[in-house]
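Here the structure is a predicted model, which means the values were calculated and not measured. To find a chain, count down the sequence lines: A is the first, B the second, and so on, and within it residues start at 1.
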Amino acid sequence: MRIATWNVNSIRARTERVGWWLDEHQPDVIAVQETRCTPAQVPGALFADRGYQVVAHGVGSRGGVALASRVGLVDVTLGIPGAVHPLDLPVSISATCGDLRIHTAYAPNGRKVGTEPHRVKLAWFALFAAWMTIDGVTDRPTVVAGDLNIAPTDLDVWDPARYRKRNLTSRPERDAFAALLETGLVDVVRAHHGDTRLSSWWNRRGDFYESDRGWRLDHILTDPTTAKRVRTAVIDRRERGVARSSDHAPCYIDIDPAEAGVSSAR
DNA sequence: ATGGTAGCTGGGCTA
């Protein structure tokens, strides 16, 4: 089972690249962030022609998420149940795909430490973590995949000292990320790459990609039992270097089948 | 510390 996540920075501008990538990498489920369109504007044939069901959430030209699956797509929840302004953001989708509970999110960017958008970002993380607990992340095979807009450690920033107190890398954001993990989730991409520096996003401006000045903002987390079944975890940085592609690289994991007779419930 | 680009939108904002 292959689960992918990709911030495409406009699904309409990226239809050709996403189609190529789906054909090449054949994910069973793909979580998409920054669709930058309404659910009705998501190009349906992109997914339907390849056998995927798709559900989307978002309000228009900014943000927006989608979840596409060819192994089933049921029990869908858009956003976080019960969230109220300013935390009722259309930035997450939860659904059951085959035997996996999948959550995708495009976390608020936060813009700048100390601002109102940054406070909303931190509060949204607390609420999202609570939603993960309520939905039972440790009770069934679960994957959380998306652009969480946090570089969780110094290994996830090209120049940690330069950005230590800045948006994406600040202490409060890293605490928020750690609190999300404390609901019972494992950062399986980091777990598969040891202490190597990793990036999933490179600023389009200047030569950030060419000089490998990037940040790891896109994440795939699983419950501990599923984490043991993860065979590979890949950040497809090559795709970031292709003409007319997104500023984020696609990421995916391959999950081995559960052993017969071994329950994943704990 | 600043500037650089891309996308949506039809000027400026967000990332």
Side-chain angles (χ1 to χ4, degrees), chain A residues 5-21 31-43 46 56-66 85-92 104-125 128 145-152 156-170 172-174 176-177 198-219 235-251:
Chain A
T5 184
W6 193 5
N7 178 323
V8 298
N9 190 12
S10 173
I11 189 76
R12 291 177 293 178
R14 219 64 63 202
T15 301
E16 187 178 334
R17 283 313 310 164
V18 173
W20 181 90
W21 198 88
V32 178
Q33 303 84 39
E34 275 208 274
T35 52
R36 302 190 70 170
C37 64
T38 65
Q41 292 171 319
V42 171
L46 169 64
H57 195 29
V59 287
S61 60
R62 284 202 291 273
V65 287
H85 183 80
L87 302 182
D88 55 342
L89 303 166
V91 299
S92 68
T104 184
Y106 175 48
N109 175 283
R111 300 191 60 184
K112 189 171 168 54
V113 172
T115 64
E116 178 67 11
H118 205 265
R119 287 188 285 275
V120 169
K121 176 183 191 174
L122 295 174
W124 179 88
F125 263 92
F128 186 71
D147 176 359
L148 300 184
N149 266 319
I150 294 175
D156 305 311
V157 194
W158 69 275
D159 187 346
R162 182 190 183 103
Y163 293 99
R164 196 164 305 283
K165 297 184 177 184
R166 303 271 285 273
N167 189 41
L168 309 177
T169 55
S170 72
E173 287 164 271
R174 288 180 170 176
F177 190 92
L198 296 171
S199 298
S200 67
W201 174 74
W202 295 261
N203 198 319
R204 276 197 202 276
R205 293 170 281 195
D207 63 343
F208 279 85
Y209 177 73
E210 290 74 11
S211 56
D212 195 20
R213 293 181 286 164
W215 285 251
R216 187 171 70 107
L217 307 179
D218 302 273
H219 299 287
I235 301 176
D236 182 13
R237 57 187 295 146
R238 184 177 59 173
E239 172 63 27
R240 171 61 180 79
V242 170
R244 289 178 298 282
S245 196
S246 173
D247 46 351
H248 292 253
C251 310

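Taking side-chain N and O atoms only, A:S61 has no distance below 4.0 Å to OP1 or OP2 of B:dG7.
Under the 4.5 Å side-chain criterion, counting only non-hydrogen atoms from C-beta, A:R204 is in contact with A:R240. Annotation: side chain of A:Y106 is not in contact with side chain of A:T35 (no heavy-atom distance under 4.5 Å).
Among B:dT5, B:dG4, B:dC8, the nucleotide with an atom closest to any side-chain atom of A:R204 is B:dT5.
Of the listed residues (A:D247, A:D218, A:N9), just one forms a side-chain hydrogen bond (donor to acceptor under 3.5 Å, both in side chains) with A:W201, and that residue is A:D247. Each of A:T5, A:N7, A:D147 was scored for a side-chain hydrogen bond (donor to acceptor under 3.5 Å, both in side chains) with A:Q33, with one residue passing: A:T5.
The aromatic rings of A:F208 and A:W215 sit tilted relative to each other, their planes meeting at an angle between 30° and 60°.
Between B:dC13 and B:dA1, the distance separating the two P atoms is 23 Å to the nearest Å. A distance of about 14 Å separates the P atoms of B:dG10 and B:dT14, rounded to the whole Å.
With hydrogens and angles left out, the side chain of A:R244 and the base of B:dT5 share no donor-acceptor pair within 3.5 Å.
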Using nucleotides 12-15 of chain B, report all nitrogen or oxygen pairs with the protein that are shorter than 3.5 Å.
unit_1 : atom_1 : unit_2 : atom_2 : d
B:dT14 : OP2    : A:R111 : NH1    : 3.4
B:dT14 : OP2    : A:R111 : NH2    : 3.3
B:dA15 : N6     : A:R205 : NH1    : 3.0

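In this entry the distance linking CZ of A:R213 with C1' of B:dT5 reads 13 Å, nearest Å. Here the C1' atom of nucleotide B:dG7 and the CD atom of A:Q33 are 17 Å apart, to the nearest Å. Residue A:I11 contributes atom CD1, which lies 15 Å from atom C1' of B:dC8 at whole-angstrom precision.
Other residues, nucleotides and ligands contribute over 12 non-hydrogen atoms within 6.0 Å of the CD atom of A:E116.
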